[in-house]
*Asks:* 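For reference, the structure I am asking about is given below.
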Number of protein chains: 2
Amino acid sequence: MKPRHGHISDGCRPISEVLSLIGNKWTSLIITRLIEGPMRFNELKRQVHGISQKVLTASLRALERDGFVERTEHPTVPPSVEYRLTPFGRELAEPLLTLTRFAAINGERMEAARAAYDEGHDTPPPGTEPRRKPLGLRLN
Amino acid sequence: MKPRHGHISDGCRPISEVLSLIGNKWTSLIITRLIEGPMRFNELKRQVHGISQKVLTASLRALERDGFVERTEHPTVPPSVEYRLTPFGRELAEPLLTLTRFAAINGERMEAARAAYDEGHDTPPPGTEPRRKPLGLRLN
DNA sequence: CTGAATCCTTAGGGATACTG
DNA sequence: CAGTATCCCTAAGGATTCAG
């Protein structure tokens, strides 16, 4: 996900950029994991449940490019690469945590609101499903 | 956009939900606009530059479903519909603004970081473009 | 004015296999 | 271990048209 911008309007552009940055479903999880401290690739992959290595690589590259994450390659064999937040990255982590906390706290409230909404609206008679998407996601 | 979750891991699920919520490129802009006060559909559409009617409708539905936005339909002709943040929505708006401010303030820093990164890496020799996407976005 | 319905393109991202 | 390279598929979301 790198629309990265779009001519939203000059005022909104950078905002949209950052938002789409954290919106790519994984970066925020990555960053919040990295707050704890530097981490190696596979360690990070294990901590961010469900992410594929392809996407993890891509996300880290993006974060590195934007100056939020620093990549340190140790010339050992087998390779060892460490990722750490830059100072800039830690600045971003702050507001991100704020949001993360909000989510953690209000998760069920959202669930409830949805349930209520779905009920009040065209809830297909039970037994007449197809309901909402089965969605085919899987864990690692 | 309703991936809305995915079995990220039980701890991260609500977080991912909220993040994907704001990640859909428009919702955060919508919410921050609605902080100013209730707004009608087309007024909102004008304020959120570049959004299509379809997407605005969909985003508002999603926000309504999640309990962040309230929809009030005035039975006039022609129709007049007002959207306003719920108290819950205003709670979400807080941390969203934090992020929004970060973006506004650090926009150029990101630009700079990217420029630096792109330069230090495989910058294709000038004249040999195709460089980065032309990307075909347009304003309203 | 508010929105629903359609069509269509793009890219995010999952799965899998291969490499230094 | 830390990636790169492919294939492929779904969904986000533009553009356009129709309707109450």
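A note on names: the letters A, B, ... follow the listed sequences, proteins ahead of strands, and every chain is numbered from 1.
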*Asks:* Consider the side chain of A/Asn42, meaning its heavy atoms from C-beta on, and name the nucleotide among D/dG13, D/dA2, C/dG14 that approaches it most closely.
*Replies:* D/dA2

*Asks:* Got a donor-acceptor contact below 3.5 angstrom from the B/Thr86 side chain to the B/Gly67 backbone?
*Replies:* yes

*Asks:* Can you check the A/Leu29 CG to C/dG13 P distance for me, whole Å?
*Replies:* 12 Å

*Asks:* Could you state the atom-to-atom distance from CG of A/Leu56 to P of C/dG14 in whole Å?
*Replies:* 11 Å

*Asks:* With side chains defined as the heavy atoms from C-beta onward, is the minimum distance between A/Val55 and A/Gln53 less than 4.5 Å?
*Replies:* no

*Asks:* How many whole angstroms separate atom CZ of B/Arg61 from atom P of C/dA5?
*Replies:* 11 Å

*Asks:* Report yes if a side-chain nitrogen or oxygen of B/Arg40 is closer than 4.0 Å to either non-bridging phosphate oxygen (OP1 or OP2) of C/dC1; otherwise report no.
*Replies:* no

*Asks:* Could you tell me the separation between the CG atom of A/Leu44 and the P atom of D/dC1, rounded to a whole number of Å?
*Replies:* 14 Å

*Asks:* Is there a donor on the side chain of B/Gln53 or the base of C/dA4 sitting less than 3.5 Å from an acceptor on the other?
*Replies:* yes

*Asks:* Hey, is A/Glu73 close enough to A/Arg71 for a salt bridge, meaning N to O under 4.0 Å?
*Replies:* yes

*Asks:* Please list all pairs meeting side-chain hydrogen bond (donor to acceptor under 3.5 Å, both in side chains) that have one or both residues in residues 89-98 of chain B, counting only residues at least two apart or in different chains.
*Replies:* A/Arg109-B/Glu91

*Asks:* Distance criterion of 3.5 Å, no angle test: do you see the side chain of A/Lys54 paired donor-to-acceptor with the base of C/dG14?
*Replies:* yes

*Asks:* Whole Å only: how far is the CD1 atom of B/Ile51 from the C1' atom of D/dA15?
*Replies:* 14 Å

*Asks:* A/Phe41 has an atom CZ; how far is it from atom P of D/dC1, in whole Å?
*Replies:* 11 Å

*Asks:* Just how far, in rounded Å, is C1' of C/dC1 from CG of B/Leu60?
*Replies:* 14 Å

*Asks:* Measure the shortest side-chain to side-chain distance between B/Leu29 and B/Thr100 over non-hydrogen atoms and say whether it is less than 4.5 angstrom.
*Replies:* no

*Asks:* OP1 or OP2 of D/dC1 less than 4.0 angstrom from a side-chain nitrogen or oxygen of A/Tyr83, does that happen here?
*Replies:* no

*Asks:* Expressed in angstrom and rounded to an integer, what is the separation of A/Arg71 atom CZ from D/dA2 atom P?
*Replies:* 10 Å

*Asks:* Linking I/L/V/M/F/W/Y whenever their side-chain heavy atoms sit closer than 4.5 Å, directly or via other members, would B/Ile105 and B/Leu99 fall into one cluster?
*Replies:* no

*Asks:* Contacts to DNA chain C from residues 72-82 of chain B, heavy-atom cutoff under 4.0 Å, which residues?
*Replies:* B/Pro78, B/Pro79, B/Val81

*Asks:* Look at the rings of B/Phe102 and A/Phe68 and say which category their plane angle falls in: under 30° parallel, 30 to 60° tilted, over 60° perpendicular.
*Replies:* tilted

